[in-house]
Amino acid sequence: MAKQFTNHLINETSPYLLQHAHNPVNWYPWGEAALQKAIEESKVILVSIGYSACHWCHVMERESFEDETTARLMNEHFINIKIDREERPDLDHIYMDAVQAISGSGGWPLNVFLTPEAKPFFGGTYFPPVKAFNRSSWTEVLNGISQAWSERKNEIESQAENLMDHLHKSNNFVQTNMTFSLGSDKFITMEHCDSMFTTIMSSADKDWGGFGNAPKFPQTFTIQYLLQYHYFTGNAEALRQALLSIDKMLHGGIYDQVVGGLARYSTDKEWLAPHFEKMLYDNALFINILCDAYQLTSEKKYDNAIRKTINFVEKDLLSSEGGFYAAIDADSEGVEGKYYVWQKQEIDDLLGEDSLLFCEFFDVSQAGNWDESNILRILKPLDDFVSERQLDKGIFDDTIKKCLQKLSAFRDTRVKPSIDDKVILGWNALMLKAISKASIVLQDETYGEMAERNFNFLLQHFGKPGEPEMMHTYKKGKAKYPAFLDDYAYLIAVCLQLYQQNFDLNYLFKAREYCRYVVENFSDEESVFFFFTSVDQKDVIVRKKEVYDGAIPSGNSIMAYNLHILAIIFDDAEWRNRLEKMLQAISAAVIKYPVSFGIWASHLLQIVMGINEVAVVGKSSKCIGSEINLKYIPNMILMATNFSNNDFPLLANKPPGLADKIYLCKNYTCKAPFSDIHVFMSEINKANKITK
C-alpha cells in the first residue's frame with residue numbers, strides 16, 4: 001500500500017531512521033543538506049536522537065511525529081534531523097552532554113534544539129502530546145522555542161555560546177597529581193583496591209544481587225572486578241556477591257528463560273520485569289563474566305548459560321554473511337514485552353500434565369506476576385526445588401527442557417519484535433571476543449570457528465584492503481561512517497583474544513597495526529586520553545573524550561589495557577609511558593568511583609598484583625598454552641611457540657629444545673623455566689594470592 005508521506009530518511013539503511021521515513025515530519029538525516037538549509041533559512045535545528053529498540057522513542061513517534069498537526073508545526077518552524085545514536089554515537093555524546101547540562105538528566109528519545117550553526121541551547125527527552133507527568137507538552141515546547149527564536153534570537157545565541165563553553169571545559173578530564181609507575185614503587189597499592197571493593201559493596205544488594213536500587217543494570221564490569229578481587233585475595237564476600245548477581249540475573253525475567261539472552265535492564269530490584277530490548281553488547285559482556293564464573297567455580301550451570309546465550313545470539317542475531325545484528329526491539333504489535341509474556345492458560349494448554357510443576361518452578365500464576373501476565377523466572381534454584389519435592393533431578397531437568405522447547409515453538413508463531421539489522425563494528429568485536437573466550441574456556445572449536453568467521457567478515461566488509469582504516473556500521477553491502485575510538489579499541493582487544501585462541505602471531509601484528517593507527521589519528525596533544533572521533537571527522541562541534549565505563553567499556557579504558565599488553569609484547573617504551581600517564585590522570589577518580597570506572601578498576605587491580613609474562617616454548621607449546629588458558633589467571637600475558645622467534649621479547653633467546661619449557665617473568669624478575677605444567681600452575685597461583 002502506498003504511503004501518504006515520505007521524507008528524506010527513505011534512502012537511509014538504519015532501521016531506526018527507516019521507521020521514521022514515512023512520518024509527516026520532513027525529517028532529514030544528519031548531513032550537509034540539512035545543516036546548510038538551516039543556515040540559509042535561519043531556522044532552528046531540531047535534532048531527535050534514538051534507536052530502534054527504544055520503547056519511549058516509539059511512543060513519542062506515535063503520539064507526536066505521526067500526528068499531522070504537530071508535523072506541520074515542526075516543518076514550518078524547524079529543520080528536523082533524525083539521528084540513530086548507534087550509527088552516530090559521537091553526535092549522541094555531544095548532545096546528550098548538552099541536555100544533561102540543561103536539564104540535569106538525559107536519556108532517549110533525546111530531543112535537542114540547535115542554532116543554525118548546530119550549537120545546542122535547549123533540549124530534553126520524552127515530551128508528551130499534552131502536558132502530563134510534570135512535563136510540558138511537545139507542542140508547547142515547539143511554540144515556545146519558535147517564539148523565542150523570533151523575538152530573542154540574540155539571547156538564544158548567547159545561551160548557546162555559554163553551553164558550548166561548558167562542553168569544551170567539561171571535555172578536559174582533570175589530571176591528578178598522583179605519582180604512578182608500572183615499576184615496583186607503585187603509588188597505587190592493594191589498600192586502594194581494598195577501598196574500591198568496600199565502595200562497591202556499599203551499594204551491593206545482598207538479597208537479589210546487583211548494585212543499587214531499581215532500575216537495575218547488569219553492571220558486568222563491577223562483577224568482573226569482584227571476581228578478580230576474590231581470585232587475588234580469597235575474599236569470600238566478593239565471590240558470593242558476584243555469583244549471587246550472576247545467578248539472580250540468570251534466574252530472573254531479565255534473562256529470557258525460553259531461549260536465552262539478556263535484556264538491557266530490569267525495572268525492579270528482583271530482576272523480574274526487564275526493559276525487554278536485547279542488545280548485542282549486553283549479551284557479549286554477560287558471556288564474558290559467565291566464562292570467568294565457570295573458570296573459577298567449574299559449575300556446570302555456567303557452562304549451560306554460556307551455551308544457551310551463544311545459541312540465542314547465533315539463532316536470532318547472526319546474519320547469513322557472518323555479522324551480528326545490533327538489537328532486538330522491546331515492542332511487538334506496539335506493546336512492550338508482548339512477545340515474551342504468558343497467560344497461565346496458554347501454558348496449561350501447551351504443557352498439559354507437565355504444566356503444574358512447570359508453573360510452580362517458573363512463578364506462573366493465574367493472576368500473573370507482571371501486569372496481569374507472567375514473566376518466566378526462577379525463584380528457587382533447580383537443586384533446591386527438586387530436593388524439597390523429592391523429585392528426580394535428571395527427569396525433572398529433561399522435562400523442563402522439553403517444556404521450554406514447546407513454549408519456544410509456540411512463541412515463534414507470535415508476531416516477533418523487529419530486529420535492528422545493522423552491524424556495528426565495535427559491538428561485533430565485543431561479541432566476537434566473548435565467543436572466542438568461550439571457545440577456550442569450554443574447549444569448543446565450533447565457537448572458535450564462529451569467532452574467526454566473524455573476524456574475517458569484519459575485515460572484508462568494514463575495512464579497506466591493505467589499510468588499517470575501518471568503518472563503523474554495515475548493512476546490505478554498504479559500510480558507513482568512519483570508525484570511532486570504541487570500534488578500534490575493541491578490535492585491538494579482539495586481536496589479542498584471538499591470539500590466545502590459536503597462537504597465530506598475525507593477530508598480534510594486526511593489533512599493533514590498529515594501535516598505531518589509533519595513536520596517530522585519535523590522540524590529543526593537550527591530554528593523554530584519546531578522542532572519540534578521528535582527526536578527519538569534521539562534522540562535530542566538539543571532539544569528545546569518553547573515559548567513563550558505561551553500558552559498554554569506554555574506548556580509553558580498553559586502549560589503556562591494549563597499550564599495556566602490546567607494550568610488553570613488543571617492548572614499546574612509548575606506549576608504556578602513554579599508559580602510565582593515562583593512569584596518573586585517572587587513578588584518583590577510579591579509586592573514588594569504581595562503579596563508574598569498572599574496566600579501569602580491574603586494570604589497576606591487575607597492575608597492583610603484577611602482570612605474569614608467560615612464554616611456552618617447545619613442540620607441544622600450543623597444547624600447553626591452551627591448557628594454561630583453561631585456568632582463571634586475569635593478570636597474564638601468554639605466548640606460545642614451537643620455533644625460535646627473536647621478534648618478540650617474551651620469546652627471544654628461548655630456542656625450542658628436546659623438552660617443552662614454560663617461562664615466567666613478573667615485576668622485572670624471571671623464574672627458572674618450568675618443565676611441569678602443574679608445578680608452574682602451583683607457582684603462579686601462589687604468586688597471585690594475597691592473604692586476607
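No experiment lies behind these values; they were computed from the predicted model shown. The first residue of the sequence shown is numbered 1, and numbering continues consecutively from there.
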Q | Flag, side chain of T309 to backbone of A305, donor-acceptor distance under 3.5 Å | A |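 Here the side-chain-to-backbone pair exists.
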
Q) Which residue, L430, I435, I424, N283, forms the side-chain contact (heavy atoms from CB on, under 4.5 Å) with F324? A) I435

Q) Which one of D572, L579, L496, I637 satisfies the side-chain contact (heavy atoms from CB on, under 4.5 Å) criterion with L566? A) L496

Q. Under the criterion ring-ring contact (aromatic ring centres under 6.0 Å, His included), which of F597, F221, W600 is the partner of Y548?
A.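 Passing option: F597.
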
Q | Qualifying ring pair (Phe, Tyr, Trp, His ring centres under 6.0 Å) pairs, either residue in residues 287-308, two or more places apart | A | none

Should [X] and [Y] count as side-chain neighbours, where that means a heavy-atom distance under 4.5 Å?
X	Y	result
K592	S195	no
S554	I599	no
M431	I287	yes
T189	D194	no
P594	F197	no
S602	Y561	no
D97	Q100	yes
F484	L425	no

Q: Evaluate side chain to side chain contact (heavy atoms under 4.5 Å, CB included) for Y490 paired with I552, printing each intermediate quantity in order.
A: CA-CA 10 Å; Y490 303 161; I552 56 177; 3.6 Å; yes

Using a cut-off of 6.0 Å, state whether more than 12 heavy atoms not belonging to [X] lie near its atom [atom1].
X	atom1	answer
D383	CG	yes
E388	CD	yes
K661	NZ	no
Y593	OH	no

Approximate separation, where rounding is to 0.5 Å, of [X] [atom1] and [Y] [atom2]:
X	Y	atom1	atom2	answer
K671	N612	NZ	CG	10.0 Å
L272	L376	CG	CG	10.0 Å
F361	L379	CZ	CG	9.5 Å
M609	M636	CE	CE	14.5 Å
I310	L317	CD1	CG	12.5 Å
Q224	D292	CD	CG	6.0 Å

Tell me whether the rings of [X] and [Y] are parallel (<30°), tilted (30 to 60°) or perpendicular (>60°).
X	Y	result
Y514	Y488	tilted
F532	H93	perpendicular
F217	Y265	tilted
F680	F674	perpendicular
Y499	F503	perpendicular
F286	Y255	tilted

Both conditions, 6.0 Å and 45 degrees, for the charged tip of [X] above the ring of [Y]: are they met here?
X	Y	value
K278	F312	yes
K248	W208	yes
K689	Y231	yes

Q) Could you go step by step and tell me if E513 and R516 meet the salt bridge (Lys or Arg N to Asp or Glu O under 4.0 Å) rule? A) CA-CA 5 Å; E513 180 184 18; R516 285 173 172 170; over 6 Å; no

[Y]/[X] salt bridge by N-O under 4.0 Å criterion:
X	Y	answer
K301	D247	yes
D571	R576	yes
R240	E237	no
K545	D524	yes

List, one per line, each side-chain donor-acceptor pair under 3.5 Å for residues 504-512, sequence neighbours excluded.
{"unit_1": "D504", "atom_1": "OD1", "unit_2": "N506", "atom_2": "N", "d": "3.0"}
{"unit_1": "D504", "atom_1": "OD1", "unit_2": "N506", "atom_2": "ND2", "d": "3.2"}

Q: Go through the structure and list residues passing disulfide bond (SG atoms under 2.5 Å apart) with C670, not counting sequence neighbours.
A: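 Partners of C670 under the disulfide bond (SG atoms under 2.5 Å apart) test: C665.
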
Q) How far apart are the C-alpha atoms of R307 and D444, what are their side-chain angles, what is the distance that settles it, and do they pass the side chain to side chain contact (heavy atoms under 4.5 Å, CB included) test? A) CA-CA 10 Å; R307 295 182 188 280; D444 191 321; 2.8 Å; yes

Q: Take W271 and R377, measure what side chain to side chain contact (heavy atoms under 4.5 Å, CB included) needs, and give me the verdict at the end.
A: CA-CA 9 Å; W271 307 105; R377 67 164 170 176; over 6 Å; no

Q: Determine, step by step, whether Q219 and I223 satisfy the side chain to side chain contact (heavy atoms under 4.5 Å, CB included) criterion, reporting the C-alpha distance in whole Å, the side-chain angles of both residues, the deciding distance to 0.1 Å, and the verdict.
A: CA-CA 7 Å; Q219 295 197 30; I223 295 171; 5.6 Å; no

